[in-house]
Number of protein chains: 2
Amino acid sequence: MSDRPAYERGTGFLLSRLGSLAARSWAAFLAEHEVSPGQYAVLVVLNEQGPLGQVSLARSIAVDARNLVAVLDSLSERGLVGRAADPADGRRRVVSLTPAGKSLVDDLATAAARGQDDFLRALGTRDRDRFTDLLRRVYDSHTG
Amino acid sequence: MSDRPAYERGTGFLLSRLGSLAARSWAAFLAEHEVSPGQYAVLVVLNEQGPLGQVSLARSIAVDARNLVAVLDSLSERGLVGRAADPADGRRRVVSLTPAGKSLVDDLATAAARGQDDFLRALGTRDRDRFTDLLRRVYDSHTG
DNA sequence: TATTGTTATACTCTATAACTATA
DNA sequence: TATAGTTATAGAGTATAACAATA
């Protein structure tokens, strides 16, 4: 086990603190490519799941739909996503990835894989895979 | 492996996103006890490591020393920590936990252990232990 | 000159409230 | 009435710049 009282460094505490560190590191990496973490999350989800309405998109990235508006505005201005009115439902605006957006996601993802090495330097190759697997399972349980 | 392109959901992306979720959940729990995440982090570190100067303390919780000042002011006003001038170095102010602070940390840690169950519902008991261990190793590698 | 602690300020992320339009 | 999208605004968390006191 540990030489410290385990309850003081429970998973919630650790995940919250480490997540804060990771978010800073991640934002700094993305900033070099002039993309915010929220923008990248949108691009990734659209690339994986295809076009989505804004409410579905917001839930998929665990962001409030109100705060998604400005993110989509900025992505749209840069030509990375498009918003099209849904003919079947006048309220909906379907968001989709443009070819330029698709190209950017692929490039960033490749670069990001290299950038992670330093942050996870405490773990060996096998533990990194285990870690990523556990993270994904917990993450997916919260975003559906 | 996965049915999705693994590079898109690398560890940096997942940790940053999940950490954001965990931080919200964690802050909500602490708010019920009128404590902020930053305040709790200070209390935990002081409880583990004993009295510290503000620069050492800031590094231990991975927070900028400038942003630590207001946190310590609020904790001091509530009588949870004390700041004493260091006789050996006039610049330093040594921060230490008061009995009331120590008591609060212990109570919160016990309550937090119960509150984590829902957030980690996707993992079994053994995987939770593995997850916590991996988190701690990565976290410690960044905070010394 | 370097370090400790501090203030002021700005920027990002998130949350609260209220609104429009469509169903 | 319920839902999709939007706006305005306020609150945390963090980062940049500059400063005083001490080493």
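A note on names: the letters A, B, ... follow the listed sequences, proteins ahead of strands, and every chain is numbered from 1.
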field: Between P of D:dA8 and CG of A:Leu68, the distance in whole Å
entry: 17 Å
- request: Kindly say if B:Arg83 contacts the phosphate of C:dT6, meaning a side-chain N or O under 4.0 Å from OP1 or OP2.
  value: yes
task: Let me know the distance between CD of B:Glu34 and P of D:dA12, rounded to the nearest Å.
output: 13 Å
- request: To the nearest Å, give me how far apart CZ (A:Arg17) and C1' (D:dT14) are.
  value: 11 Å
task: Just compare D:dT3, C:dT7, C:dT4 and give me whichever is closest to any side-chain atom of B:Val55.
output: C:dT4
field: Any A:Ser20 side-chain nitrogen or oxygen under 4.0 Å from OP1 or OP2 of D:dG13
entry: no
field: Side-chain N or O of A:Arg66 closer than 4.0 Å to phosphate OP1/OP2 of D:dA10
entry: no
field: 5' priority, DNA chain D, between A:Arg92 and B:Arg91 [closest heavy atom]
entry: A:Arg92
- request: Nearest whole angstrom, please: distance from the C1' of D:dG5 to the CG of A:Asp64.
  value: 12 Å
message: Check the orientation of A:His142 and B:Phe119. Use parallel for under 30°, tilted for 30 to 60°, and perpendicular for over 60°.
response: tilted
query: To the nearest 0.5 Å, how far apart are OG1 in B:Thr132 and CZ in B:Arg137?
result: 12.5 Å
query: D:dT6 phosphate, OP1 or OP2: any side-chain N/O from A:Gln54 under 4.0 angstrom?
result: yes
- request: State whether the distance check finds a donor on one side and an acceptor on the other, under 3.5 Å, for side chain A:Asn67 versus base C:dA15.
  value: yes
statement: In whole angstroms, the gap separating P of C:dT4 from CG of B:Asp89 amounts to 8 Å
query: Rounded to whole angstroms, how far apart are CZ on B:Arg59 and P on D:dT14?
result: 18 Å
query: Within this structure, what is the CG-to-P distance between A:Asp86 and D:dT3, rounded to whole angstrom?
result: 17 Å
- request: Please tell me which of the listed nucleotides, C:dT22, D:dT7, C:dT14, lies nearest to the side chain of A:Asp73?
  value: D:dT7
task: Report the relative orientation of the aromatic rings in A:Phe13 and B:Trp26; use parallel for angles under 30°, tilted for 30 to 60°, perpendicular for over 60°.
output: perpendicular
message: What I'd like to find out is whether the side chain of A:Val42 reaches to under 4.5 Å of the side chain of A:Leu68, using heavy atoms alone.
response: yes
message: Which is more 5' along DNA chain C, the nucleotide nearest A:Val63 or the one nearest A:Ala88? Just name the residue.
response: A:Val63
- request: Would you mind reading off the distance between B:Leu52 atom CG and C:dT3 atom P, rounded to a whole angstrom?
  value: 19 Å
- prompt: Does B:Ser36 place a side-chain N or O at less than 4.0 Å from the phosphate oxygens OP1/OP2 of D:dA12?
  reply: no
statement: Only one of B:Leu75, B:Val71, B:Val69 passes side-chain contact (heavy atoms from CB on, under 4.5 Å) with B:Asp73, and that residue is B:Val69
query: Which part of the nucleic acid does A:Arg24 contact within heavy-atom distance under 4.0 Å: base, sugar-phosphate only, or nothing?
result: sugar-phosphate
